Structure formats: structure tokens, C-alpha cells
Amino acid sequence: MLIMAIAFSISAMAQEIEGDAANGKTLYNTNCASCHKLDKKMIGPALGNVTERRSAEWLVKWIINNQELRESGDEDALAIFEEYNGSVMPAFPGLSEQDVMDILAYTIEGSKPKEAEGDKTAGAPVAVAEDEGDNTMLLIILAGILLFLVILLARVKNTLKQIKGEPTSTLTEDANILTRTALKNPKILTVLTIVIAVVFLQQLYAGLMSVNVDQGYQPEQPIKFSHKLHAGENQINCSYCHYGARKSKHSNIPSAGVCMNCHMQIQEGPKYGTEEIAKIYEAVGWDPEAYAYIEDYEEKPVKWVRIHKLPDLAYFNHAQHVTAGGLQCQTCHGPIQEMEEVYQYSSLTMGWCINCHRETEVQVESNAYYKEMHEKLKEKYGEDAEITVEMIGGLECGKCHY
Ligand code: HEC
Ligand code: HEC
Ligand code: HEC
Ligand code: HEC
Ligand code: HEC
Ligand code: HEC
């Protein structure tokens, strides 16, 4: 009875929230996740069960403009403001009432125990890394098995001879006879030479092709910064730190100032305590004890080691792929949100770029950039044709080479 009563009262609270949790998740990640977590206090309170302690009406007012609510003299609003030492949560005049409902629906949905792992951030990673099968090991193993079988047969023959009382030979004698006959037989000799030559050439080719290919490159970084913790567990949007990727050629690495947005408050981590976060303070000159910046401090930028790097002869533009092309970061960079330390997921070779351009359809429909071109392409390839990047010129040398 008690459980039912609790369940009923919770569902009664939840019922007044009608919203689209999926849309809410996106809004939450872009607007709120930098300060709020669902299950833990961060810069602001945990929002997981906020709908159980506040009414929907109050929440709408607070989230859209908390200052207005405070100025109206609302006691709850004043109390929570005081509890957080007067830190100011920004107003969100751009959010509609329905948007807020969606966010609240997500805070309920997102706090339910997870059934299936893996949907941590939007967009499932698509594997594009090519798997270059290595046959050399297989060949060696096969040769080994063959040799073993031949020797085994010889031993069996020997045992049979022994039973019949005929003269027998030792293992080394067998092996000697075997090599001598093999080397005298021109056919076996030819086959052997060809096999060795093929293995050698294959190794040489693989070696040459991997010059400058740094797939899997995972250098140690000056601060043990974890994407798994930030982008995965805390669901901080990639663009919060790499804001350059959507608008420009390069995706920036955030400065230590960006880290300070959160780490002014978060002075301790779950794994390394204060040790690693102290390095951010060292970079910007922040004294956590005094809770203030040190005066006249010469900043020491963090020297991150660059992982992805195309040679100078190639041109690659992030905004073109992320904003115009609508690709997820994970398509090229792999499951970054699960990486404790970042490594290069894709090969970044010319073949890798070209393959994707051959296979990927351009999203022409919703793309103003292609409106005019689309009409022409339709005439050329037919009404229902799939327009790949190749068709818009994505294989032309000049597009990727200066
Ligand atoms: C810059 C940091 C920041 C951002 C961004 C932010 N908040 Fe807050 N939020 C706070 C702080 C700090 C408080 C504590 C009250 C105060 O100090 O004003 C708070 C309080 C709240 C409360 C009241 C919780 C309670 O227990 O009563 C709600 C609800 C809330 N925020 C929702 C949101 C939502 C939804 C968003 C995104 C649309 C958001 N916040 C974005 C910092 C932030
Ligand atoms: C809190 C800030 C932050 C967030 C959020 C974040 N990153 Fe990063 N990212 C960094 C920092 C700092 C580095 C440099 C250190 C390193 O390599 O770990 C970096 C490095 C990278 C690199 C390697 C850059 C190189 O040197 O080639 C890639 C790729 C990357 N991030 C992608 C992503 C993606 C994709 C997401 C979202 C899933 C994301 N990041 C979210 C801060 C962030
Ligand atoms: C939007 C907020 C936010 C930003 C920006 C941010 N962090 Fe964090 N960081 C967190 C949170 C949340 C934690 C985990 C705290 C916890 O769980 O106790 C954390 C933890 C850490 C830890 C501790 C890890 C451990 O396991 O001990 C390090 C180191 C760290 N961050 C480095 C950085 C660096 C470097 C940057 C800037 C490139 C950065 N953070 C930017 C929110 C942020
Ligand atoms: C089409 C594949 C592709 C997509 C999608 C993509 N990247 Fe990259 N990324 C690359 C390549 C290639 C490089 C190396 C660029 C260079 O050396 O000029 C790179 C480099 C980077 C770097 C290192 C700094 C730089 O610009 O050289 C960061 C950080 C990064 N990417 C983050 C992101 C984030 C965040 C997203 C999603 C918003 C993203 N990338 C989407 C292919 C991609
Ligand atoms: C995961 C798939 C994918 C990979 C990998 C990829 N691209 Fe692209 N690329 C696209 C898509 C999709 C577009 C079309 C974007 C648009 O709508 O403008 C595009 C467009 C381009 C364009 C503009 C073409 C034109 O005609 O306007 C250039 C240049 C380009 N890519 C270079 C590269 C380079 C260089 C690499 C490798 C380092 C690369 N791309 C890897 C998917 C990819
Ligand atoms: C979609 C982008 C793209 C297109 C189109 C493209 N390339 Fe490349 N190319 C690259 C990238 C990226 C590299 C660097 C890859 C690496 O270092 O492995 C490269 C490397 C090269 C190299 C240096 C050799 C090497 O392996 O380092 C030559 C030569 C070259 N390309 C010629 C061409 C010619 C000729 C064409 C036109 C038929 C062409 N490329 C079209 C992206 C492209």
C-alpha cells in the first residue's frame, strides 16, 4: 500500500509535465549541462528530481527568468539563491514554456535507471576505420602446421617400421632427409622462393603505406583530461569546448580559461583528487585558497600534444563537414565520449577521405547552399538519384589540395 501510495504521488507529480524528453535532452545539453548534473550537485543543484520538489509553474518562471522571480519576492527563489552564495543563473528568454516542459521531461526520463548503455551522447558512432587484414601471421602459422604434419607422418611411418622390425631413423635424421629432398626438388624450391618473396613484398608494401599514417596515435597529455568523464559521464557538449568546429576550418582546443568556467568551483576530481586540476590553476594563476586570481601572473598555456594532423599539402575544413555536411564528430573521431585519453581513430589517409566521398549522400534537401545546384544535379542524374559527395565534385584534386 505504502509503495503504491508513493508511486501514485510520484506519478501524480510527473503527470503535470508533458514534454518531449528527446528534444529536452538536446536543450539541456546545450544550455544547462555546463552547470547542472542530474544526479549530483555541480555549480547549480542536481536537477534529477527537481519536479518532485518544485511545481511546474514555479520551474517555468525560474528557468526562463530567475531574476524576475526573485524580484517578485518569491521565498523559494530567494532561499535557493542564498544557498548558492548568490551565484547567478542566467535567464533563458529564448526558451518557450514548451521547451522548459521538454527539459523537465528529460530530467525525469534521464534519471530513470539506464536499461541499455551506449546512448550517452547523440548520434551513434559510425565505424569508418578500415581494417587492413594482416595475412602474414596466418601464412606463417599455416606453414608451421604443414611442417608439423609432415614430421608427424614421418614419425608414424617410423613407428610402423619399428613394429615390423625394420631399421628405424631418429627425428633429426628424418628432418635432414626431408630438407635434402626438398632442396633437390626444383618444384618445392620454386614454391618456397615464391612464398618468401610474396611475404617480403607484402611487408614492404604495408610498411611504405603506413609512413605518415598515425592511426591509433595516443600521446600522453600534460593534464590527465578525460573525455569520458567530461563528454561522456557529464554530457558536456563537444561544442562547449571545441566551438571552432562548427564555424571554421579548425576545431580549436579550449584554453584553460574555458576550463575555469567550471573548475573555479570544482576543485577536486573523482580519480586524481586535486592534483590534476591544480595544473589548470597553475596555468591561469588561480589561488583556490584565496578564491581569487593571483595579480600580475604570467599565464602559462597548457601544452597539449596535437594528435590529428594532416600534411600541409591537404586542405580539410571542419565547418564544411559538421555544419554543411551534418556529420557527427564521432563518424571521424570515433567514440570520443568513451575515451579516457584521446587517440586517432581514423587513418586520415587520402583513401579514407575519398571512400567516404564516394559513399556519403549530400544532405541537399534542407541545405540552402545546394538549392540551385540540386536542380541541376536532378536534371543530370534523374529525379530520385542519390547525390553523393563525389557528384558535387568531392573527388577533384583541387578541392583537397592547395
Ligand atoms: C551558469 C550556470 C548555470 C546555467 C547555465 C544554468 N543554471 Fe540553473 N542554476 C544555477 C545556479 C548557481 C543555481 C542555484 C540558484 C542560484 O544561485 O541562483 C541554479 C538553480 C536552478 C534551479 C533551481 C533548483 C532548485 O533546486 O530549486 C533550476 C530548476 C535550474 N537551475 C534549472 C536550470 C535549467 C533548466 C538550465 C538550462 C536551461 C539551467 N538551470 C542553466 C546555475 C546555472
Ligand atoms: C571540457 C572540454 C572538452 C569537451 C566537452 C570536449 N573536448 Fe575534445 N578536447 C579537449 C581538450 C582539452 C583536448 C586536448 C587534450 C586531449 O587531447 O585530450 C581535446 C582534444 C580533442 C581531440 C584531439 C585533438 C587533437 O589534438 O588532434 C578531439 C578529436 C576531440 N577533442 C574531440 C571531441 C569531441 C568529439 C567531443 C564531444 C564528444 C569533445 N572533444 C568534447 C576538451 C574538450
Ligand atoms: C562544463 C564544466 C567543465 C568544464 C568546462 C571543464 N570541466 Fe573538468 N570536470 C568537470 C566535472 C563535472 C568534473 C568531475 C567532478 C566530479 O565528478 O567530482 C571534472 C573533473 C576534472 C578533472 C579531475 C579528473 C579526476 O578524475 O580526478 C580534471 C583533471 C579536469 N576536470 C580537467 C579539465 C580541463 C583541463 C578542462 C579544460 C580543458 C576542464 N576540465 C573543463 C566539469 C568541467
Ligand atoms: C569528416 C571527418 C571529421 C569530422 C566530422 C570531424 N572532424 Fe575533427 N578532424 C578531422 C581531421 C581530418 C582533422 C585533422 C585536421 C588537420 O590536421 O588540419 C581533425 C582535427 C580535429 C581537432 C584537432 C584540431 C584541428 O582542427 O586540427 C579537433 C579538436 C577536432 N578535430 C574536433 C572535432 C569535433 C569537436 C568535431 C565535431 C563537432 C569534429 N572534429 C568533426 C576530421 C573530422
Ligand atoms: C565521413 C565522411 C567524410 C570523410 C571521412 C571526409 N569527408 Fe569531406 N565531405 C563529406 C561530406 C558529406 C561533404 C559534403 C558537405 C557539404 O554538404 O558541403 C564533404 C565535402 C568535402 C569538401 C568540399 C567538396 C565540394 O565539392 O564542395 C572537401 C574539400 C572535403 N570534403 C575534404 C575532405 C578531406 C580532405 C577529407 C579527409 C582528410 C575528407 N573530406 C573526409 C564527407 C566526408
Ligand atoms: C577528398 C580529398 C582529396 C582528394 C579529392 C584528393 N586528395 Fe590527394 N590527398 C588527400 C589527403 C588528406 C592526403 C594526405 C594523406 C596522407 O598523408 O596519407 C593526400 C595526399 C596526396 C599525395 C601525397 C602522397 C601521399 O600519400 O602522401 C598526392 C601526390 C595526392 N594526394 C594527389 C592527389 C591527386 C592527383 C588527386 C586528384 C586525382 C587527389 N590527390 C585528390 C586528400 C585528397
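Just so you know, residue 1 is the first one in the sequence shown, and it goes up from there. All of these numbers come straight from a predicted model, not from anything done at the bench. Every number for a ligand or one of its atoms is a count from 1 in the order of the listing.
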Out of all atoms in ligand 3, which are within 4.0 Å of some heavy atom of [X]? Include the element for each.
| X | value |
| --- | --- |
| Tyr240 | 1 (C), 5 (C) |
| Glu268 | 18 (O) |
| Val258 | 5 (C) |
| Cys259 | 34 (C), 35 (C), 36 (C), 37 (C), 38 (C), 39 (C), 41 (C) |
| Ile266 | 10 (C), 11 (C), 12 (C), 15 (C), 42 (C) |
| Glu276 | 29 (C) |
| Pro270 | 16 (C), 17 (O), 18 (O), 25 (C), 26 (O), 27 (O) |
| Ile277 | 22 (C), 23 (C), 28 (C), 29 (C) |

Could you tell me the residue and atom name of the protein heavy atom closest to [atom], and the distance to it rounded to 0.1 Å?
| atom | value |
| --- | --- |
| atom 14 (C) of ligand 3 | Leu229 CD2, 3.9 Å |
| atom 5 (C) of ligand 1 | Asn31 O, 3.3 Å |
| atom 38 (C) of ligand 1 | Cys32 SG, 2.7 Å |
| atom 4 (C) of ligand 1 | Cys35 SG, 3.3 Å |
| atom 24 (C) of ligand 1 | Pro45 CG, 3.6 Å |
| atom 29 (C) of ligand 1 | Leu59 CD2, 3.4 Å |
| atom 11 (C) of ligand 1 | Gly44 CA, 3.7 Å |
| atom 23 (C) of ligand 1 | Trp62 NE1, 3.8 Å |
| atom 12 (C) of ligand 1 | Ile43 O, 3.6 Å |
| atom 27 (O) of ligand 3 | Tyr272 N, 2.7 Å |

Say whether [X] and [Y], considering side chains only, have a donor N or O and an acceptor N or O under 3.5 Å apart.
| X | Y | result |
| --- | --- | --- |
| Ser226 | Glu340 | yes |
| Gln267 | Tyr291 | no |
| Asp74 | Trp58 | yes |
| Glu359 | Asn355 | no |
| Tyr240 | Asn261 | yes |
| Asn29 | Asn237 | no |
| Arg246 | Ser239 | yes |
| His318 | His242 | no |
| Gln337 | Gln330 | yes |

Counting only heavy atoms, tell me which of [options] gets closest to [atom].
| atom | options | answer |
| --- | --- | --- |
| atom 20 (C) of ligand 3 | His263, Gln267, Glu340 | His263 |
| atom 1 (C) of ligand 3 | Cys241, Ala283, Cys262 | Cys262 |
| atom 26 (O) of ligand 3 | Gln235, Lys271, Lys279 | Lys271 |

Check your understanding: Under 4.0 Å from ligand 1, counting heavy atoms only, is it the side chain of Val100, its backbone, both or neither?
Key ->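 No part of Val100 is near ligand 1 at this cut-off.
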Check your understanding: What do we get for Leu47 next to ligand 1 when only non-hydrogen atoms under 4.0 Å count, side chain, backbone, both or neither?
Key ->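 Within the 4.0 Å criterion, Leu47 contacts ligand 1 through side-chain atoms alone.
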N/O to N/O below 3.5 Å, does that happen between [X] and ligand 1?
| X | value |
| --- | --- |
| Arg53 | yes |
| Asn66 | no |
| Ser87 | yes |

Check your understanding: Would you call Met260 a ligand 3 contact, heavy-atom distance under 4.0 Å?
Key ->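 For ligand 3, residue contact (heavy atoms, under 4.0 Å) with Met260 is absent.
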Review point. Is the shortest distance from a heavy atom of Asn261 to ligand 3 less than 4.0 Å?
Key: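 Heavy atoms of Asn261 never come under 4.0 Å of ligand 3.
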Review point. Within 45° of the ring axis of Phe316 and under 6.0 Å from its six-membered ring centre, is that where the NZ or CZ of Lys249 lies?
Key: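 No, a cation-pi geometry is absent between Lys249 and Phe316.
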Check your understanding: N/O/S of His401 less than 2.8 Å from atom 8 (Fe) of ligand 6?
Key ->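 Yes, since at least one N, O or S atom of His401 sits under 2.8 Å from atom 8 (Fe) of ligand 6.
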Exercise for review: To 10°, measure the SD(Met89)-atom 8 (Fe) of ligand 1-NE2(His36) angle for me.
Suggested key: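 Answer comes to 180°, rounded to 10°.
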**Study point:** Sub-4.0 Å heavy-atom approach of Lys399 to ligand 6
**Key:**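 Checking ligand 6 against Lys399, which is what was asked, there is no heavy-atom contact under 4.0 Å.
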Exercise for review: Indicate yes or no: does an N/O atom of Lys40 lie under 3.5 Å from an N/O atom of ligand 3?
Suggested key: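 Between Lys40 and ligand 3 (N or O atoms, distance only) the closest approach is under 3.5 Å.
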Check your understanding: Ion pair present between Arg70 and Glu82, side-chain N to carboxylate O less than 4.0 angstrom?
Key ->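 A salt bridge is absent here (no side-chain N lies under 4.0 Å from a carboxylate O).
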Review point. Charged N to carboxylate O below 4.0 Å: is that the case for Glu282 and Lys279?
Key: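 No, no charged N to carboxylate O under 4.0 Å.
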Hey, do the aromatic rings of [X] and [Y] have their centres closer than 6.0 Å?
| X | Y | value |
| --- | --- | --- |
| Trp286 | Tyr297 | no |
| Phe225 | His230 | yes |
| His263 | Tyr281 | no |

Review point. How about Tyr84 and Pro45: do any of their side-chain heavy atoms sit closer than 4.5 Å?
Key: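 When only atoms from C-beta onward are counted, Pro45 and Tyr84 do touch, with a gap below 4.5 Å.
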Exercise for review: Return yes or no for this condition: an N or O of Thr349 is under 3.5 Å from an N or O of ligand 6.
Suggested key: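 Not met; the criterion fails.
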**Study point:** Atoms in ligand 1 with a heavy atom of Arg54 nearer than 4.0 Å
**Key:**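 In order of numbering, the contacting atoms are 25 (C), 26 (O), 27 (O).
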Exercise for review: Would you please determine whether Leu95 falls within less than 4.0 Å of ligand 1 on a heavy-atom basis?
Suggested key: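 Distance cut 4.0 Å: Leu95 passes for ligand 1.
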Check your understanding: Do other residues, nucleotides or ligands put more than 12 heavy atoms under 6.0 Å from the CD atom of Glu97?
Key ->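 Counting neighbours around CD of Glu97, 12 or fewer heavy atoms of other residues, nucleotides or ligands fall under 6.0 Å, so no.
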Point to revise | Side-chain (Gln221) to main-chain (Val305) donor-acceptor, under 3.5 angstrom | key: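 It does hold such a pair.
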